[in-house]
Amino acid sequence: MNDFEPTIIAFVCNWCTYTAADLAGTSRLSYPPNVRLVRVMCTGMVDPQYVLKALLEGADGVLVSGCHPGDCHYINGNFKARRRIKLLKALLPQFGFAPQRLRLTWIGASDGIEFARVMQELVEQVRELGPSEAKMKMVI
Ligand code: FES
């Protein structure tokens, strides 16, 4: 388990977190290569099925990250996302996944340093959880 490298799918809002990721890159900040970014226009469009599909198809963790509350470009998309993610976290054990595999964060466009920090923290957290329960079932 020591050489386990988690795969993390991150649904990131085009206006904030994706821009922060871009800033982290142009600022030459390093963050783990384990994170695969999926750019969406708003966290409010992240259907819970996207999260479940990612986990069922081998992601060890999923991040949804967007604009801070009050800054959503579509008024209230991030509030909808917050409600959905809370419900989804409560349901994840029903699908056999630890709720800690899903995380919601707000990272603003100018927060390149925060983006790199959160990615590092997330990878460490998921590494401690070990491989996804879906992967473990595939092995059996
Ligand atoms: S536009 Fe960024 S979360 Fe809605």
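Note that ligands are numbered from 1 as they come in the structure, with each ligand's atoms numbered from 1 the same way.
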Let me have the donor-acceptor pairs involving side chains of residues 28-48, under 3.5 Å, with sequence neighbours excluded, atom names and distances please.
{"residue": "N34", "atom": "ND2", "partner": "E5", "partner atom": "OE1", "Å": "2.7"}
{"residue": "N34", "atom": "ND2", "partner": "P6", "partner atom": "O", "Å": "2.9"}
{"residue": "R36", "atom": "NH1", "partner": "P33", "partner atom": "O", "Å": "3.2"}
{"residue": "R36", "atom": "NH1", "partner": "N34", "partner atom": "O", "Å": "3.1"}
{"residue": "R39", "atom": "NH1", "partner": "N14", "partner atom": "OD1", "Å": "3.1"}
{"residue": "D47", "atom": "OD1", "partner": "Q49", "partner atom": "N", "Å": "2.8"}

Sequence neighbours excluded and cut-off under 3.5 Å, please list the side-chain donor-acceptor pairs for residues 71-82, or say none.
{"residue": "Y74", "atom": "OH", "partner": "W15", "partner atom": "NE1", "Å": "3.2"}
{"residue": "N78", "atom": "ND2", "partner": "C67", "partner atom": "O", "Å": "2.9"}
{"residue": "N78", "atom": "ND2", "partner": "H68", "partner atom": "O", "Å": "3.1"}

Side-chain donor/acceptor of D60 to backbone N/O of T7, under 3.5 Å
yes
Listing by chain and number, what protein N/O/S atoms are under 2.8 Å from atom 2 (Fe) of ligand 1?
C13 SG, C67 SG
Do T26 side-chain atoms and L23 backbone N/O form a donor-acceptor pair below 3.5 Å?
yes
Test your reading of the model: is there a side-chain donor-acceptor pair from T105 to the backbone of S65, 3.5 Å cut-off?
no
Pairs where residues 80-100 contributes a residue and the test ring pair (Phe, Tyr, Trp, His ring centres under 6.0 Å) is met, not counting sequence neighbours
none
